[in-house]
Amino acid sequence: MIAQDPFAGFKAIQKEAWSLFTPMEVFTTPAAAKLVGFAGVAAGQRLLDVGCGTGVAAITAARRGAKVRGLDLSPVLLERAREHAQLMNLDVAFTEGDAEGLPYGDNEFDVVLSQFGHMFAPRPDVAVGEMLRVLKPGGTIAFSTWPPHLYVGRMFALVGRHLPPPEGVASPVLWGDPKIIAERLAGKVRDLSFEVDIMTPSALSPQHFRRTMEATIGPLIKLVAQYKDEPDKLRDFRSEFEALIAEYFDGSRNVMRQQFLMTRARKA
């Protein structure tokens, strides 16, 4: 008998909340190219993109000649990913599924990627175990995450104070700490390396960027909905959120400074 997933309800909420992420692909597309390059993706490799969203990393890898598969919880985002593949006549199979239960065989892929995706799985040990299970020995695992001490990490921490996750759900920003990454991958990989890069989404003001985030980022969408009948709490949250955004907003260029961490290793 298959054990019931204790986080099935949490994942159903995630699936719904992240369905509005599509507009953010304009910002994540350049970062996807950086991750694919950092991973050293080459023609002919079998590659899996976990938490693929609208497919920007998967499509970038497929353009390099990799044989790509993508998986995500959200059918809405997957439909967008399929549209991208069809535009270029690329053969990429996108599947609705869960990072904690990948529907692929052992040692099936040469490369497993995740751009800001697997970090939202509630159990890091389960997610990384699955990613490594489907990866060939000597194959490359590479992912992009958000350092906890920088803008996005601090944003999720702020949201978590207003909207605590269910018991047992790990904070996604812990995947942005190299020490924790090394602990989670200890004994399972070799040649572990890191690189920091930056994403610069456009914005006219902290208020303008806050509005964009509230319309596209799953946990923020849920939080705003939670406070729809509590205007004082919503106002206080927004004031704190805009103050955080202001620390990273570059008004001289109309951009945000969002640094991210890339991790790469080979399966032992």
What pair of heavy atoms forms the shortest contact from [X] to [Y], and how long is it?
X: Leu35; Y: Ser114; result: CD2-O, 3.8 Å
X: Gly70; Y: Cys52; result: C-SG, 3.8 Å
X: Gln258; Y: Pro201; result: OE1-CG, 3.3 Å
X: Ala127; Y: Ala121; result: CB-CB, 3.8 Å
X: Gly176; Y: Thr145; result: CA-OG1, 3.5 Å
X: Leu261; Y: Pro178; result: CD2-CG, 4.0 Å

Can we say [X] and [Y] salt-bridge, meaning some charged N sits less than 4.0 Å from an Asp/Glu carboxylate O?
X: Arg210; Y: Glu240; answer: no
X: Lys233; Y: Asp236; answer: no
X: Glu100; Y: Lys11; answer: yes
X: Lys34; Y: Asp197; answer: yes
X: Glu108; Y: Arg69; answer: no

Tell me if a side-chain donor or acceptor on [X] pairs with a main-chain N or O of [Y] at a distance below 3.5 Å.
X: Asp110; Y: Arg46; answer: yes
X: Arg154; Y: Leu244; answer: no
X: Glu195; Y: Met262; answer: no
X: Ser239; Y: Arg235; answer: no
X: Arg266; Y: Gly139; answer: no
X: Glu214; Y: Leu220; answer: no
X: Ser19; Y: Glu16; answer: yes
X: Lys267; Y: Leu132; answer: yes

Does Arg64 CZ have over 12 foreign heavy atoms under 6.0 Å away?
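Yes, CZ of Arg64 has more than 12 neighbouring heavy atoms, counting only those of other groups under 6.0 Å.
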
First locate atom [atom1] of [X], then atom [atom2] of [Y], and finally report the distance between them rounded to the nearest 0.5 Å.
X: Leu77; Y: Leu20; atom1: CG; atom2: CG; answer: 8.5 Å
X: Ile59; Y: Thr54; atom1: CD1; atom2: OG1; answer: 9.0 Å
X: Leu71; Y: Leu78; atom1: CG; atom2: CG; answer: 7.5 Å
X: Ile245; Y: Met256; atom1: CD1; atom2: CE; answer: 5.5 Å
X: Ser252; Y: Asn254; atom1: OG; atom2: CG; answer: 8.5 Å
X: Lys188; Y: Leu185; atom1: NZ; atom2: CG; answer: 7.0 Å

Tell me whether [X] shares a hydrophobic cluster with [Y], the cluster being built from Ile, Leu, Val, Met, Phe, Trp, Tyr side chains joined at under 4.5 Å.
X: Ile198; Y: Met24; result: no
X: Val255; Y: Met155; result: no
X: Val196; Y: Tyr248; result: yes
X: Val56; Y: Val152; result: no
X: Phe7; Y: Leu174; result: no

* **Val224 and Arg238: CA distance, side-chain angles, deciding distance, side chain to side chain contact (heavy atoms under 4.5 Å, CB included) verdict** => CA-CA 9 Å; Val224 171; Arg238 283 175 166 166; 4.1 Å; yes

Does the side chain to side chain donor-acceptor pair (under 3.5 Å) test come out yes or no for Ser193 and Arg264, once each step is laid out? CA-CA 5 Å; Ser193 62; Arg264 180 184 62 216; 3.2 Å; yes

Does NZ or CZ of Arg82 lie under 6.0 Å from the centre of the six-membered ring of Phe94, at an angle within 45° of the ring axis?
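No, a cation-pi geometry is absent between Arg82 and Phe94.
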
Does the side chain of [Y] come within less than 4.5 Å of [X]'s, by heavy atoms?
X: Lys222; Y: Pro219; value: no
X: Phe237; Y: Leu158; value: yes
X: Glu96; Y: Leu73; value: no
X: Met199; Y: Pro30; value: no
X: Pro147; Y: Gln259; value: no
X: Met119; Y: Phe143; value: no
X: Trp175; Y: Ile180; value: no
X: Val68; Y: Gln45; value: no

Sort out for me which residue in Asp49, Thr140, Val134, Leu47 forms a side-chain contact (heavy atoms from CB on, under 4.5 Å) with Val112.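 The option that passes is Val134.
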
Please determine, by modelled atom types, if Asp72 and Ser74 share a side-chain donor-acceptor pair under 3.5 angstrom.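 Checked: Asp72/Ser74 side chains show no N/O donor-acceptor pair below 3.5 Å.
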
Looking at Phe120 versus Phe156, is the centre-to-centre ring distance below 6.0 Å?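 Yes; Phe156 has its ring centre under 6.0 Å from that of Phe120.
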
Mind checking whether Phe116 and Phe260 have ring centres under 6.0 Å apart?
->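 Yes - the distance between ring centres of Phe116 and Phe260 falls below the 6.0 Å cut-off.
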
### Task
Mind running side chain to side chain donor-acceptor pair (under 3.5 Å) on Arg133 and Tyr104 for me, showing each step along the way?
CA-CA 9 Å; Arg133 177 185 64 79; Tyr104 307 102; over 6 Å; no

Inset, instruction - May I ask you to decide if the ring planes of His162 and Tyr227 are parallel, tilted or perpendicular, using 30° and 60° as cut-offs? - result: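 Taking Tyr227 first and then His162, their aromatic rings stand perpendicular (interplane angle over 60°).
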
Point to revise | Residues Leu113, Val111; criterion side chain to side chain contact (heavy atoms under 4.5 Å, CB included); working and verdict | key: CA-CA 6 Å; Leu113 296 183; Val111 182; 3.8 Å; yes

- Asn107/Leu135 under side chain to side chain contact (heavy atoms under 4.5 Å, CB included): CA gap, chis, key distance, verdict: CA-CA 5 Å; Asn107 308 321; Leu135 183 62; over 6 Å; no

List the steps, then state whether side chain to side chain contact (heavy atoms under 4.5 Å, CB included) holds for His118 with Val128.
-> CA-CA 8 Å; His118 79 291; Val128 76; 5.8 Å; no

